[in-house]
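Model, not experiment: these values are computed from the prediction.
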Amino acid sequence: MKDSTRGRTMPANVGSYPTDCSPFGIFDVAGNIAQWTSSLVEGSSNIYRVCGAAFNSIDALCHLEHEMESPAQSCLIHVGFRLIYTLY
């Protein structure tokens, strides 16, 4: 999050915080990049849900329930997505 590192204006490299690892081996889920989801905002055809917080978020927004909205055509430095591959 914004206040965790002085002067940092960009996301950290993947794996920079080894303790920020989920039980499934996924790194940097908390506070590096907010996650753009494939879920549309109810009643919209081109506005998507963005979950979580990012490197430039204030501490009050850094919790699992935090959601934002983003139009499909947006390009935001603090929003990204994860590719998921099912192994079975």
field: Pair listing, side-chain hydrogen bond (donor to acceptor under 3.5 Å, both in side chains) test, anchored in residues 69-78, at least two apart
entry: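 Every side-chain hydrogen bond (donor to acceptor under 3.5 Å, both in side chains) pair that includes a residue of residues 69-78, provided the two are not neighbours, is Ser70-Ser74.
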Between side-chain atoms of residues 39-55 and protein atoms elsewhere (two or more places apart, or another chain), which donor-acceptor pairs fall under 3.5 Å?
from, atom 1, to, atom 2, distance (Å)
Ser44, OG, Asn46, N, 3.2
Ser44, OG, Ile47, N, 2.9
Arg49, NE, Glu67, OE1, 3.3

message: Assigning hydrophobic clusters by single linkage (Ile, Leu, Val, Met, Phe, Trp, Tyr; side-chain heavy-atom cutoff under 4.5 Å), is Val79 placed with Phe81?
response: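 Val79 and Phe81: separate clusters.
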- prompt: Rounded to the nearest 0.5 Å, how far does CG of Asn56 lie from CD1 of Ile33?
  reply: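 Reported value, rounded in 0.5 Å steps: 8.0 Å.
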